[in-house]
Amino acid sequence: MTGDLFDFLKVTEPGQDESRAERIQLDPGAFIFPGMALSRAPELLEAARHIVRQAPFRHLVTPGGHRMSVAMTSFGDYGWISDRSGYRYTHVRPDNGQPWPVMPDLFRSLVEEATRAAGFPHPPLQSGLLNLYRPGTRLSLHQDKDEEDAETPIVSVSLGVAATFLWGGLDRASPLRRFRLSHGDVVVWGGPSRMMFHGIAPLAVSSHPLTGECRLNLTFRQITRRS
DNA sequence: AAGTTACT
DNA sequence: GTAC
């Protein structure tokens, strides 16, 4: 009763309600699952650490000759790389010709859970990409179109410092919507949303107990038309 | 061209 | 914004 006097002081933060939702639909076939990976985050980070020990992060160069601010490495049967010749998937690491680290079972089960929750069948899961964001780094708006498979969903897992996810449409000029991606959030986009433009805004200077000033992102893809 | 872009 |  007495607290009612001060109700006008209450502040509703943007996105507060959304962050509590079980899932947020961005478009048909595109969802954010807030906190879906939260309880497994320490094990996911340990598995990521194990991958980086085998295949260290690198700053790839775009076909235009620019160094990407986000550092990357891959795992699974196919790894994504970029250089002056273009974007492509390879079975081996460009630095030493060795196979990419194996896809951990922990990742497979999380991806199966996420795709099921989004209403898609289990993907064969041929490729994993691990991205490291430091303060100020970004991933400009782009489409994932280096894969033969244009329908199987992409699964993205956010760990560490929160980032702003940019979500557009099928054309580069489509209006952008912005979503906060926090530690443990999972995004799935497939079917009609598979080719949507997306990106990550420059990472704010912030800190997370498990990752320091960094954000780690895991993404999973099907590469070939049939597995 | 997935750019801490480089211009007009 | 638009261009490479």
Side-chain angles (χ1 to χ4, degrees), chain A residues 26-27 30 32 48 51-52 55-76 78-95 100 125-181 185-190 193-207 211-224:
Chain A
L26 310 186
D27 271 310
I32 297 173
I51 285 166
V52 174
F57 284 118
R58 299 175 66 207
H59 288 275
L60 302 180
V61 172
T62 65
H66 295 104
R67 170 187 187 270
M68 294 179 74
S69 61
V70 172
M72 301 179 164
T73 190
S74 286
F75 52 92
Y78 291 84
W80 184 84
I81 62 163
S82 172
D83 59 22
R84 292 307 297 256
S85 313
Y87 307 140
R88 61 197 177 278
Y89 285 90
T90 66
H91 284 297
V92 296
R93 295 166 51 186
D95 55 332
W100 297 101
L125 197 52
Q126 294 175 315
S127 176
L129 185 59
L130 174 59
N131 290 346
L132 173 66
Y133 294 77
R134 310 194 117 102
T137 68
R138 70 180 72 174
L139 206 51
S140 301
L141 203 65
H142 68 280
Q143 293 172 300
D144 290 20
K145 56 180 182 185
D146 306 315
E147 305 79 17
E148 290 179 9
D149 187 303
E151 291 153 27
T152 303
I154 310 278
V155 176
S156 164
V157 181
S158 294
L159 297 166
V161 171
T164 299
F165 184 53
L166 309 173
W167 182 253
L170 294 176
D171 304 297
R172 187 174 280 278
S174 302
L176 293 181
R177 291 142 73 195
R178 289 155 187 272
F179 298 90
R180 195 78 174 148
L181 293 185
D185 290 352
V186 177
V187 189
V188 179
W189 65 99
S193 289
R194 173 63 179 72
M195 288 304 179
M196 293 296 227
F197 276 91
H198 58 280
I200 293 288
L203 195 73
V205 180
S206 177
S207 179
T211 63
E213 292 198 326
C214 298
R215 170 178 189 260
L216 284 156
N217 182 65
L218 293 159
T219 53
F220 301 94
R221 294 174 183 79
Q222 165 76 4
I223 310 304
T224 58

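Chain letters run A, B, ... following the sequence lines, proteins first and then strands; every chain starts at 1. When reading the values below, keep in mind they use all heavy atoms of this one structure, side chains included, and skip hydrogens, waters and symmetry mates.
At distances below 3.5 Å, at least one donor-acceptor pair connects side-chain atoms of A:His59 with backbone N or O atoms of A:Met68. A:Ser127 places a side-chain N or O within donor-acceptor distance of the main-chain N or O of A:Tyr78, the cut-off being under 3.5 Å.
In this pair, A:His142 lays its aromatic ring flat on the base of B:dA2, centres within 5.5 Å and planes under 30 degrees apart. Remark: ring of A:Trp80 stacked against base of B:dA2; centroid gap under 5.5 Å, plane tilt under 30°.
If A:Gly86 and A:Arg67 are placed on DNA chain B by their nearest nucleotide, the residue sitting closer to the 5' end is A:Gly86. When each of A:Arg84 and A:His59 is assigned the nucleotide of DNA chain B bearing its nearest heavy atom, the one mapping closer to the 5' terminus is A:Arg84.
Computed from coordinates, the A:Asp171 CG to C:dG1 P distance equals 16 Å when rounded to whole Å. Taking atom OH of residue A:Tyr89 and atom P of nucleotide B:dA2, one finds them 13 Å apart after rounding to whole Å. Between A:Arg138 atom CZ and B:dA2 atom P the separation is 13 Å, expressed in whole Å. Rounded to whole angstrom, the span from the CG atom of A:Leu60 across to the P atom of B:dA2 amounts to 14 Å. Rounded to a whole Å, the CE atom of A:Met72 is 6 Å from the C1' atom of B:dA2. Between A:Arg58 atom CZ and B:dA2 atom C1' the separation is 15 Å, expressed in whole Å. Rounded to a whole Å, the NZ atom of A:Lys145 is 11 Å from the C1' atom of B:dA2. Taking atom CE of residue A:Met68 and atom C1' of nucleotide B:dT5, one finds them 13 Å apart after rounding to whole Å.
Checking A:Arg221 against A:Thr219 by side-chain atom types alone, a donor-acceptor pair falls below 3.5 Å.
The aromatic rings of A:Phe220 and A:Phe75 lie perpendicular to each other, with more than 60° between the two planes, well past the 30° mark.
Only one option out of A:Glu151, A:Gln143, A:Glu147 pairs with A:Arg194 in a side chain to side chain donor-acceptor pair (under 3.5 Å); it is A:Glu147.
Note on A:Arg172: only backbone sugar-phosphate atoms sit closer than 4.0 angstrom, heavy atoms only; bases stay farther off. Residue contacts for A:Leu141: at a heavy-atom cut-off of 4.0 Å it reaches the sugar-phosphate backbone alone, with no base atom in range.
Under 4.0 angstrom from either OP1 or OP2 of B:dG3 there lies no side-chain N or O belonging to A:Thr62.
Across all strands shown, B:dT8 has no partner, as no Watson-Crick or G-U wobble contact with both distances under 3.5 Å is found.
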